[in-house]
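Take a look at the structure below.
Whatever order the structure lists them in is the order used to number ligands and atoms, beginning at 1. Given the structure is predicted, the values throughout are model-derived calculations rather than measurements.
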Amino acid sequence: MSTAAVAGRHPPGPRGLPVLGMLLAIRRNPTAVFMDAARRFGDVAYLKIGPRRGYLLTNPADVRHVLQDNAANYRKSPLYDKLRQSLGNGLLTSEGAFWLRQRRIAQPAFHRQRIAALAGTMAGAVREMAVDWAAIASAGQPVDIGDEMMRLTRTVVLRTLLGTDLGPFTTGIDRAWKVMNQHIGDSFWSLGVTDGWPTPRNRRFQAARAVLRGAVEYAIRQRRAQPSGGDDLLSMLMDARDEDTGESMTDEQLRVEVTTFLLAGQETTSLALTWTFYLLSQHPAIRERLEAELDGALGGREPAYEDLPNLPFTRRVIDEAMRLYPPAWGFSRQALGDDELGGYRLPRGWLAFLMPYVLHRHPTYWPDPDRFDPDRFLPERSADRPKFAYLPFGAGPRQCIGNQFALLEAHLSVATLAQTYRLHLVPGHPVEPWPLITLRPRFGMPMTIERRAAPR
Ligand code: HEM
């Protein structure tokens, strides 16, 4: 260990208030606190957030150490407890041998070839949305593109992975998740003292949770009533047997995993698409390049899986949108034993903050970081950039299981929709990232839809 590490000094960081540290500031504006700490204190910044202490890591080598090389020394941090209370103990929130078992059950559903085989179903769902948009475009009324993208990604998860629908719960579920996301996001940093109190806020949260639970139970019931005989994710979860006991998952565990996939699969991808369309609306020259690529490669034909290698700029636009607005903007780990990071000792029990939002705007790795410039992702401009400076899907053993699925869906969706439509933000509408569990647009994303002239 280095001298500082041996001496047990922690790195510098913002001073904050006595006892509370940075708690109130982080509850007010978390991304601002983390951005500011990285700017002022460099690679490793000390943060005290109420009773919790930890380091914000913005050197890709340290990020790699925590998420990958020394991942065995870390668990997901207690901040995930809030998420566990809502989703249950499933793939996203569990630990250890139980997590590994669940990951192994689900993994085959996400193999590259299997994902590729889902492209036709994904493309079909996007085409249906494109058809719906014709009427919206004619009417000229703005729609919330965040809601539209949520509708799209939910349909895709239900059809491709779960092979079922939500029946009467379909319309209630987006609203329920919005309430839950806001509740968990708002109380993420709190100590949970008032969690059980019957306040209106808590009651709204419990009601939303009940809607979600009802929806998932409905989906599973439907599927049991009409077994698909297919080999999708839900079949794998239903058919899985414990190697030792031969037992299948309990109904409760099945419900937890279906909830996890329903939410993890729809929310983040829909936000990636929403921010992409927002950025395109603000950068007409880039939108025109995108349209030129689509017209050149497709000539008005609907895009399919085989077309995607010929649409590299479209993919760079998505990568760059996820750089500026990473849907999973920040996550954290807790050290199981002492570690050393950037020359400082991280004591057992302390937290490591890994923040894609901050890493993706770090001027050392991203010159002119606030500029929307998809060509940063050209191979020749990426060669010198450390891999762990870009983390939209996390990394290491807990990396997103759905990353290829999400990228395929986003690629097909942007290609299909931008080929036919231009989206315009309602003039003067304020747009501000809202860091809850995911990075949502705080005031929504109302846009008008304009039909493009057919390519010549
Ligand atoms: C643009 C879209 C997406 C983004 C940005 C995203 C981001 C992430 C990130 C950052 C993590 C790791 C969190 C951590 O290490 O603490 C994660 C995990 C996870 N994601 Fe995604 N995700 C996306 C799409 C999806 C999709 C489409 C699915 C499923 C269909 C999915 C399912 C999961 C699951 C189950 C985990 C937990 C994996 C584990 O711990 O083994 N995600 N995601």
### Query
Does some side-chain heavy atom of Tyr344 sit less than 4.5 Å from a side-chain heavy atom of Tyr46?
no

ask   = Does the side chain of Leu57 come within less than 4.5 Å of Val44's, by heavy atoms?
value = yes

Q: Compute the shortest N/O to N/O distance between Arg398 and ligand 1 and return yes if it is under 3.5 Å, no if not.
A: yes

At under 4.0 Å between heavy atoms, what of Arg103 touches ligand 1? The answer is side chain

Counting only protein N, O or S atoms and ignoring waters, those under 2.8 Å from atom 21 (Fe) of ligand 1 are Cys400 SG

The answer for which part of Lys76 has a heavy atom under 4.0 Å from ligand 1 is side chain

### Message
Quick check: Gln399 and ligand 1, any N/O pair under 3.5 Å apart?
### Response
no

Extract all donor-acceptor atom pairs below 3.5 Å that involve side chains of residues 401-416 and protein atoms in other chains or at least two apart in sequence.
{"from": "His411", "atom 1": "NE2", "to": "Leu311", "atom 2": "O", "distance (Å)": "3.0"}
{"from": "Ser413", "atom 1": "OG", "to": "Glu409", "atom 2": "O", "distance (Å)": "2.6"}
{"from": "Thr416", "atom 1": "OG1", "to": "Leu412", "atom 2": "O", "distance (Å)": "2.7"}

* Are any of the side-chain nitrogens in Asp319 or Arg316 under 4.0 Å away from the carboxylate oxygens of its partner? -> no

ask   = Do the ring planes of Phe110 and Phe261 sit parallel (below 30°), tilted (30 to 60°) or perpendicular (above 60°)?
value = parallel

Do any nitrogen or oxygen atoms of Arg333 lie less than 3.5 angstrom from nitrogen or oxygen atoms of ligand 1? yes

Near Trp99 (heavy-atom distance under 4.0 Å), the atoms of ligand 1 are 39 (C), 40 (O), 41 (O)

At under 4.0 Å between heavy atoms, what of Leu161 touches ligand 1? The answer is side chain

Interatomic distance, CD@Glu128 vs CH2@Trp133, rounded to 0.5 Å, equals 14.0 Å

